[in-house]
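The next block holds one structure in the form of structure tokens; read it before the comments.
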Amino acid sequence: MTRQGTSSSNDHRGNLSPHDAHRNLRSQEVGVCLGYPTPGAQQIWEDADKRLAAEGRRRFLVVTTLDATHAGCQACDENGRPTSTRILRIRLDRLKPTSTGYHYRGMAR
């Protein structure tokens with residue numbers, strides 16, 4: 001079944017969904033997710049832990065450094081302003097939209 005039309009799914013603020021890019025994907029590459037970028041400096045990622053959501057809490061991280069296997073991150077608010085001086089090392093393969101990973105939220109302002 002294919003999706004008809006050119007409508008996009010906007011959130012309550014009118015921002016496009018990161019999954020809109022999938023509608024334009026014409027590549028045969030398996031595992032490509034154009035809605036989520038390769039981790040980079042100053043990106044904000046939200047923890048996908050369902051326990052936090054059940055408690056009504058949200059946890060954001062801003063990427064400050066990168067190496068071959070890990071991202072150095074700091075806890076931050078929704079705008080990317082650090083709320084802690086502690087640097088967390090998160091494996092790069094966890095910065096993807098899974099139930100045990102993180103969801104991309106944008107660039108720090």
Side-chain angles (χ1 to χ4, degrees):
M1 175 180 226
T2 59
R3 183 181 169 116
Q4 299 287 326
T6 59
S7 65
S8 63
S9 55
N10 294 352
D11 66 9
H12 68 283
R13 288 178 247 158
N15 297 322
L16 292 175
S17 164
H19 295 290
D20 284 341
H22 290 284
R23 293 188 188 106
N24 298 322
L25 181 61
R26 300 288 183 249
S27 171
Q28 297 301 314
E29 296 177 57
V30 176
V32 173
C33 179
L34 297 179
Y36 291 89
T38 302
Q42 299 305 309
Q43 290 177 345
I44 302 170
W45 293 79
E46 183 177 3
D47 195 331
D49 190 334
K50 292 177 184 168
R51 295 171 295 183
L52 291 173
E55 296 171 5
R57 297 186 303 144
R58 297 171 77 185
R59 177 180 167 205
F60 295 95
L61 300 173
V62 62
V63 176
T64 56
T65 61
L66 289 169
D67 63 31
T69 59
H70 289 79
C73 303
Q74 286 182 284
C76 68
D77 63 15
E78 292 179 5
N79 297 315
R81 287 187 289 273
T83 57
S84 170
T85 58
R86 181 178 176 199
I87 302 293
L88 307 168
R89 285 179 41 91
I90 308 292
R91 280 192 341 259
L92 293 177
D93 66 346
R94 293 203 54 224
L95 295 174
K96 59 184 177 184
T98 64
S99 62
T100 59
Y102 293 85
H103 297 280
Y104 176 72
R105 293 297 178 221
M107 296 298 291
R109 296 179 207 160

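Nothing fancy with the numbering, it's 1 onward along the sequence. Small disclaimer: the values here were computed from a predicted structure and weren't measured.
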- prompt: Which residues pass the salt bridge (Lys or Arg N to Asp or Glu O under 4.0 Å) test with Arg94, sequence neighbours left out?
  reply: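 Applying salt bridge (Lys or Arg N to Asp or Glu O under 4.0 Å) to Arg94 gives none.
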
- prompt: Arg86: what forms a salt bridge (Lys or Arg N to Asp or Glu O under 4.0 Å) with it, not counting sequence neighbours?
  reply: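 In terms of salt bridge (Lys or Arg N to Asp or Glu O under 4.0 Å), with neighbours along the sequence ignored, Arg86 is linked to no residue.
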
Suppose we screen for side chain to side chain contact (heavy atoms under 4.5 Å, CB included). Which residues come up paired with [X], at least two apart in sequence or across chains?
X	answer
Asn79	Asp77, Arg81, Arg109
Thr98	Lys96, Thr100
Arg57	Leu52, Glu55

- request: First locate atom CD of Gln43, then atom CG of Leu61, and finally report the distance between them rounded to the nearest 0.5 Å.
  value: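 Reported to 0.5 Å precision, the distance equals 12.0 Å.
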
- prompt: So which pairs with a foot in residues 69-103 pass ring pair (Phe, Tyr, Trp, His ring centres under 6.0 Å), sequence neighbours left out?
  reply: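 Counting only pairs at least two positions apart or across chains, no ring pair (Phe, Tyr, Trp, His ring centres under 6.0 Å) contact touches residues 69-103.
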
task: Can you run down the ring pair (Phe, Tyr, Trp, His ring centres under 6.0 Å) pairs that involve residues 37-56, sequence neighbours left out, and say none if there aren't any?
output: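 Found Trp45-Tyr104.
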
Any side-chain heavy-atom pair of Val63 and Ile90 under 4.5 Å: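 Contact flag for Val63/Ile90 side chains = no.
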
Exercise: identify the closest heavy-atom pair between [X] and [Y]:
X	Y	result
Ala68	Leu92	O-CD1, 3.6 Å
Ala108	Gly80	CB-CA, 4.0 Å
Asp47	Gly101	OD1-O, 3.8 Å
Leu66	Ala71	CD2-CB, 3.7 Å

message: Quick check against the 3.5 Å criterion: does Gln74 have a side-chain atom that pairs as donor or acceptor with the backbone of Ser84?
response: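 Confirmed, Gln74 side chain pairs with Ser84 backbone.
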
- request: Sequence neighbours left out, what pairs pass salt bridge (Lys or Arg N to Asp or Glu O under 4.0 Å) with at least one residue falling in residues 61-76?
  value: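 Counting only pairs at least two positions apart or across chains, the salt bridge (Lys or Arg N to Asp or Glu O under 4.0 Å) contacts touching residues 61-76 are Asp67-Arg89.
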
task: Report the hydrophobic cluster partners of Phe60, with the cluster defined as I, L, V, M, F, W, Y residues connected by side-chain heavy atoms closer than 4.5 angstrom, directly or transitively.
output: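 Cluster partners of Phe60: Ile44.
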
query: Taking only residues two or more places apart in sequence, or in another chain, which ones meet Glu46 in a side-chain hydrogen bond (donor to acceptor under 3.5 Å, both in side chains)?
result: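 Arg58, Arg105.
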
